[in-house]
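In what follows, chains carry the letters A, B, and so on, assigned in the order in which the sequence lines appear, proteins first and then strands, with residues in each chain numbered from 1. Computed from a prediction, not measured in an experiment: that's the story for all the values here.
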There are 2 protein chains.
Amino acid sequence: MARELVRQGGRSARIQKEVHAATHALLARLDRSAITVPMIAEQAGVTPSTIYRRWGDLGSLLADVASETLRPVSDPDDTGSTAGDIEAFVLQYAEEMSSKVGRNLLRDVLSEAEDTAAAKCCRYTYDHLDTIAARASARGEAAVQQDLIIDRVIAPICYHILFGDREITADYCRDLLAALPATHRRPA
Amino acid sequence: MARELVRQGGRSARIQKEVHAATHALLARLDRSAITVPMIAEQAGVTPSTIYRRWGDLGSLLADVASETLRPVSDPDDTGSTAGDIEAFVLQYAEEMSSKVGRNLLRDVLSEAEDTAAAKCCRYTYDHLDTIAARASARGEAAVQQDLIIDRVIAPICYHILFGDREITADYCRDLLAALPATHRRPA
DNA sequence: ACTCTTAACGCAAAGGATTTGCATTAAGGT
DNA sequence: ACCTTAATGCAAATCCTTTGCGTTAAGAGT
């Protein structure tokens, strides 16, 4: 993970953007194992030593980029009901993460010893559930139990993606959702 | 992950053992990020190129060693009841995996693109549950639902270890177990 | 037991990646 | 506008990784 910079404006910010963009571009057309720091540096128009000094090594840079990629661009869909919001969010999460690129992003984020990137990604999930919970309370619906959704739905999805011991289908996700307490699921 | 060797006896086997042992020894006294292939090679008394040719890179070797380390040395404890067996197994799993070394092993195993090591580790868990299930059926107890234990207990434990968003305590594990269907838990 | 084939290894040179010292540039504060 | 120093660029030094070629020994066949 990148250390926090003291100077965040101008050149530093521009270089960070260039390096991230270069990494994306390379990830899009090359296998992860074929990508090197000097390659990224060249594509970004910086010297390798800049990347080494800011990010430490390739793994940290990839983790940083991955956690940035996984940052949600918008709030989860508002379907009108809490159960619907949760289902929509979970299905989208599962689809995104179980794809080949999603699995790679997950791996990059989780394989760093410094778990800043992992914490960031984890927070995105909690944030989405917060948003859904806020809507629920605005509608006067029962409170959303975040932890239960993480433990009973998100966690098994991640487990199977990482260990590769089963396919993540929409039906499987719906089964997980159906096993939640009644306040969190759609009426059957 | 190591490719499968055509010749498995004599020298090859000895070298594999030496390299694994050397990796263990280094892992025990150095930070993972400080370990290199040449270091392992020297400690094992082989040339680096041998390691590169057999394992490909450091990550694959570490994944191989980690999956070997995680191989269980014995069957799960027989506590006399299925619920007891499950609880004992889960608590031990959680303790082993949530420790610093356990977390590192998990990371090493999961960060490889080739998921042979991950599949191996995953299988160990299933095998243990199989053993517990066989005992249950020998005792005439209800069948153990493997998948349910993976999804509802093992998966959340792994999720929180990997993302670092909460401590894994014995109480937390027991809470997960208590939420299982009655046939899988201890009487309250 | 002996031979044969070739997988796996050791060695060393070549090719890259990573680190580091020093000069330069430019953020952010005065 | 000036000053301090964080962050970068450059290049040399170091270390890791790959590769060609000769050697060793595993496993099959006789």
Side-chain angles (χ1 to χ4, degrees), chain A residues 1-23 25-27 29-65 68 108 111-114 116, chain B residues 1-23 25-27 29-65 68 108 111-114 116:
Chain A
M1 191 63 191
R3 68 193 154 84
E4 280 321 306
L5 296 179
V6 176
R7 296 181 180 176
Q8 304 178 342
R11 180 168 65 167
S12 289
R14 186 170 59 251
I15 284 180
Q16 161 152 341
K17 230 179 52 188
E18 303 278 12
V19 169
H20 275 226
T23 307
L26 287 170
L27 278 171
R29 65 183 174 75
L30 285 176
D31 198 73
R32 230 174 58 31
S33 63
I35 296 176
T36 66
V37 170
M39 282 167 85
I40 295 172
E42 187 184 1
Q43 170 116 12
V46 300
T47 62
S49 62
T50 295
I51 293 180
Y52 287 116
R53 275 197 259 249
R54 267 182 79 163
W55 281 275
D57 60 14
L58 180 60
S60 299
L61 172 56
L62 290 176
D64 186 32
V65 170
E68 207 54 40
D108 287 341
S111 49
E112 285 306 290
E114 269 293 322
T116 338
Chain B
M1 192 62 192
R3 64 194 156 82
E4 279 323 304
L5 296 178
V6 175
R7 297 181 181 176
Q8 305 179 339
R11 181 170 63 166
S12 288
R14 188 172 55 252
I15 283 180
Q16 163 153 340
K17 229 179 51 186
E18 303 277 12
V19 170
H20 276 226
T23 307
L26 287 171
L27 239 19
R29 64 182 174 77
L30 285 176
D31 199 72
R32 230 176 58 30
S33 63
I35 295 175
T36 66
V37 170
M39 281 167 85
I40 295 172
E42 187 183 2
Q43 170 115 10
V46 301
T47 62
S49 62
T50 295
I51 293 181
Y52 286 116
R53 274 196 258 249
R54 266 181 83 164
W55 282 276
D57 60 15
L58 180 60
S60 299
L61 171 55
L62 290 176
D64 186 31
V65 170
E68 207 54 41
D108 286 342
S111 50
E112 284 306 289
E114 268 296 321
T116 339

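A straight line from CH2 of B/W55 to P of D/dT18 spans 15 Å, rounded to a whole angstrom. Distance A/I35 CD1 to C/dG16 C1': 16 Å, rounded to the nearest Å. For the pair A/I51 CD1 and D/dC10 P, the interatomic distance rounds to 14 Å; values are reported in whole Å. We find that CZ of A/R54 is positioned 5 Å from P of D/dT8, with the value rounded to whole Å. As rounded to whole Å, 11 Å separates atom P of D/dG9 from atom CD of A/E18. Taking atom CE of A/M39 as the reference point, atom C1' of C/dA17 lies 13 Å away to the nearest angstrom. Distance CD (A/E42) to C1' (C/dA17): 14 Å, rounded to an integer number of Å.
Minimum heavy-atom separation, A/L5 to A/S12: CD1-CB, 4.1 Å.
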Nucleotide-resolved protein contact map, nucleotides 20-29 of chain D, B/S/- at heavy-atom distance under 4.0 Å: BB--BBBS--

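By the side chain to side chain contact (heavy atoms under 4.5 Å, CB included) test, B/A44 is found to be paired with B/E18, B/V19, B/A22, B/V46, residues two or more places apart in sequence or in another chain being considered. Listed by chain and residue number, B/D31 satisfy the side chain to side chain contact (heavy atoms under 4.5 Å, CB included) test with B/S33 (two or more places apart in sequence, or in another chain).
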Audit row: B/R54, B/Q16, side-chain contact (heavy atoms from CB on, under 4.5 Å) steps and yes/no: CA-CA 9 Å; B/R54 266 181 83 164; B/Q16 163 153 340; 2.9 Å; yes

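Within the 4.5 Å cutoff, the side chain of B/L58 has heavy atoms near those of the B/I40 side chain. Between A/L61 and A/V37 the shortest side-chain heavy-atom distance does not fall below 4.5 Å.
Two residues, B/P48 and A/L5, neighbour DNA chain D, and the one matched to the more 5' nucleotide by heavy-atom proximity is A/L5. Place B/T47 and A/P38 on DNA chain C by their nearest nucleotides, and B/T47 ends up nearer the 5' end.
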